[in-house]
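In what follows, a single structure is set out as structure tokens and then discussed.
No experiment lies behind these values; they were computed from the predicted model shown.
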Amino acid sequence: MKTIQVGNLTIDGSKLFLIAGPCVIEGYDRTLMIGREIKKICERLGVQYIFKASYDKANRSSFNSFRGPGLDKGLEILASIKKELQVPVLSDVHDVTQLEKASKVLDMIQIPAFLCRQTDLVYGAAKTGVPVNVKKGQFMAPEDMKNVIEKMEEAGNPNLAVTERGASFGYHNLVVDMRSFPIMRSFGYPVIFDATHSVQLPGGMGGSTGGQREFIPYLARAAAASGVDGFFMEVHDNPPEGLSDSSNMLYLSSLEGLLKDLIAINDIVKHDKREKLVPER
């Protein structure tokens, strides 16, 4: 796996890293509190931590759904959290017009799954020079992410990662194909598992997305056994109160125990991660 640099973190596969925070910025104080508690947990366990919260949730089921504070106010909050916690920050970018402002604050730009084939956005994000994490589309095979990687390599950015977040399976359901992790790791960059979006039921509640939070630990442990390099989790102190993804965010109180499991599993499979898991075709 290539070593990448995200803010003050050197990610080289020697330990797990975590991208985590509330789904959307719900206000400075609560968002900061969640980030601070996650940082404490990660420091205790030796997990590298990248804070995540969205300044805008552009892909909502309903027009009336809460989207967040928006680009300018959201980036202002993220900059303050970054200064307060002294950790790298990540957020979703939905449009090329957001890249210039976002790249001045974010330590890692994330491309949402539905936008992973948008060449101008993917290339433009990489061209900023900021590290980029692209979520694999729910409609794509893992081997197709090689083309996405090549678009970003064309921009000359070496700090790249890809994320699995489940594949569409009929209506209102997602499944995770564990084969996708070694396939995408063969591209040479860190592979992340989005353990909370993978248990979504997209549009499953009519005007909003449902979710099955109870399955997060099972999928996360399976992904760790498959050799992923990091995890993405949306975490909240009281998910039912969350203004977005309330049914699939992980309880903050559950995070430390789950991370301990994932670290133990990662230690067992670490030798496999050093090997080339997928033979050349």
For a quick test of your reading: what N or O donor-acceptor pairs under 3.5 Å do the side chains of residues 77-85 make, sequence neighbours left out?
unit_1, atom_1, unit_2, atom_2, d
S80, OG, E76, O, 3.2
K82, NZ, V105, O, 3.0
K82, NZ, D107, OD1, 3.3
K82, NZ, D107, OD2, 3.4
E84, OE2, R36, NH2, 3.4

Quick check: closest heavy atoms across A220 and A195, and the distance to 0.1 Å? CB-CB, 4.2 Å
With V199 as reference, evaluate N248, L174, V176 under the side-chain contact (heavy atoms from CB on, under 4.5 Å) test and give the passing residue. N248
Look only at the side chain of S103 and the backbone of E100, and say whether a donor-acceptor pair between them is shorter than 3.5 Å. yes
Where do N133 and T163 come nearest, in terms of heavy atoms and distance? OD1-OG1, 2.8 Å
Verdict with supporting geometry, E37 and K40, salt bridge (charged side-chain N to carboxylate O under 4.0 Å, His left out): CA-CA 5 Å; E37 293 305 310; K40 290 178 183 176; 3.3 Å; yes
Relative to each other, are the rings of H197 and F232 parallel, tilted or perpendicular (30° and 60° limits)? tilted
Any non-hydrogen side-chain atom of L90 less than 4.5 Å from a side-chain atom of L106? no
Non-hydrogen side-chain atoms of I38 and L252 separated by less than 4.5 Å: yes
Grab the two heavy atoms, one from I111 and one from A125, that are nearest each other, plus how far apart they are. CD1-CB, 3.9 Å
Output, in order, the C-alpha distance, side-chain angles, deciding distance and verdict of side chain to side chain donor-acceptor pair (under 3.5 Å) for T10 and D12. CA-CA 6 Å; T10 299; D12 60 6; over 6 Å; no
Distance (rounded to the nearest 0.5 Å) between H236 NE2 and E241 CD: 7.0 Å
M108 vs P88 side-chain heavy atoms within contact, under 4.5 Å: no
Transitively linked via ILVMFWY side-chain contacts under 4.5 Å: M233 with M33? yes
Return the CG to CG distance between L18 and L258, rounded to the nearest 0.5 Å. 9.5 Å
Candidate pair F51 and S91, rule side-chain contact (heavy atoms from CB on, under 4.5 Å), full reasoning: CA-CA 9 Å; F51 174 84; S91 196; over 6 Å; no
Between I149 and V162, does a side-chain contact (heavy atoms from CB on, under 4.5 Å) hold up when you go through it step by step? CA-CA 8 Å; I149 289 286; V162 291; 3.7 Å; yes
Indicate yes or no: at least one non-hydrogen side-chain atom of K73 is less than 4.5 angstrom from one of I25. no
Check whether any side-chain N or O of S180 sits under 3.5 Å from a backbone N or O of P142 as a donor-acceptor pair, and report yes or no. no
F169, F114: one ILVMFWY side-chain cluster at the under-4.5 Å cut-off? no
In chain order, what residues pass the side-chain hydrogen bond (donor to acceptor under 3.5 Å, both in side chains) check against T196, with sequence neighbours excluded? D194
Under 3.5 Å, side chain of R165 to main-chain N/O of F193, donor-acceptor pair present? no
Euclidean distance, K15 NZ relative to C42 SG, rounded to 0.5 Å: 10.5 Å
Does S226 use its side chain to pair, donor to acceptor, with the backbone of A222 at less than 3.5 Å? yes
Is the backbone of P240 close enough, under 3.5 Å, to the side chain of S246 for a donor and an acceptor to pair up by distance? no
Begin with the C-alpha distance, continue with both residues' side-chain angles, and end with the deciding distance and a verdict on side-chain contact (heavy atoms from CB on, under 4.5 Å) for L160 and I4. CA-CA 7 Å; L160 310 174; I4 69 169; 5.9 Å; no
Between the side chain of N159 and the main-chain N/O of Q5, is any donor-acceptor distance below 3.5 Å? yes
Report yes if some heavy atom in the side chain of K52 is under 4.5 Å from a heavy atom in the side chain of D92; otherwise report no. yes
Do side-chain atoms of S54 reach the backbone of D56 as a donor and acceptor pair under 3.5 angstrom? no
Indicate yes or no for a side-chain donor-acceptor contact from E150 to the backbone of M152 under 3.5 Å, with no hydrogens or angles considered. no
Pairwise distance CG(L259) to CD1(I41) - rounded to 0.5 angstrom: 7.0 Å
Working to the nearest 0.5 angstrom, can you tell me the gap between K39 NZ and I50 CD1? 13.5 Å
Main-chain N/O of A20 paired with Y49 side-chain donor or acceptor, under 3.5 Å: yes
Looking only at non-hydrogen atoms, find the nearest pair between D261 and R221 and report the distance. OD2-NH1, 3.3 Å
Nearest atoms (heavy-atom pairs only) where A113 meets K136: CB-O, 3.5 Å
Note: E154-K151 ion pair, threshold 4.0 Å (strictly below): no
Under a single-linkage definition using a 4.5 Å side-chain heavy-atom cutoff for Ile, Leu, Val, Met, Phe, Trp and Tyr, are L45 and L16 assigned to the same hydrophobic cluster? yes
Under 3.5 Å, is there a donor-acceptor pair between the side chain of T31 and the main chain of Y28? no
Do Q48 and I11 touch side chain to side chain, with heavy atoms closer than 4.5 Å? yes
If you measure from CG on D177 to CD1 on I183, what distance do you get to the nearest 0.5 Å? 6.5 Å
Hydrophobic clustering (ILVMFWY, side-chain heavy atoms < 4.5 Å, transitive) - are F17 and L9 grouped together? yes
Side-chain heavy-atom pair N157, V132 within 4.5 angstrom cut-off: yes
Non-neighbouring partners of F231 that pass ring pair (Phe, Tyr, Trp, His ring centres under 6.0 Å), sequence neighbours left out: none
Count I, L, V, M, F, W, Y as connected when their side-chain heavy atoms are under 4.5 Å apart, and connections chain through other members. Are L115 and Y123 then in the same cluster? no
With side chains defined as the heavy atoms from C-beta onward, is the minimum distance between V191 and R185 less than 4.5 Å? yes
Check G242 against M249 and note the closest heavy-atom contact, atom names and distance. CA-CE, 4.0 Å
Set out, in order, the CA-CA distance, both residues' side-chain angles and the distance that settles side-chain contact (heavy atoms from CB on, under 4.5 Å) for E234 and I34, then state yes or no. CA-CA 10 Å; E234 290 186 331; I34 294 170; over 6 Å; no
Report the C-alpha separation of Q200 and H172 in whole Å, then their side-chain angles, then the decisive distance to 0.1 Å, and conclude whether the side chain to side chain donor-acceptor pair (under 3.5 Å) test is met. CA-CA 8 Å; Q200 279 185 334; H172 310 313; over 6 Å; no
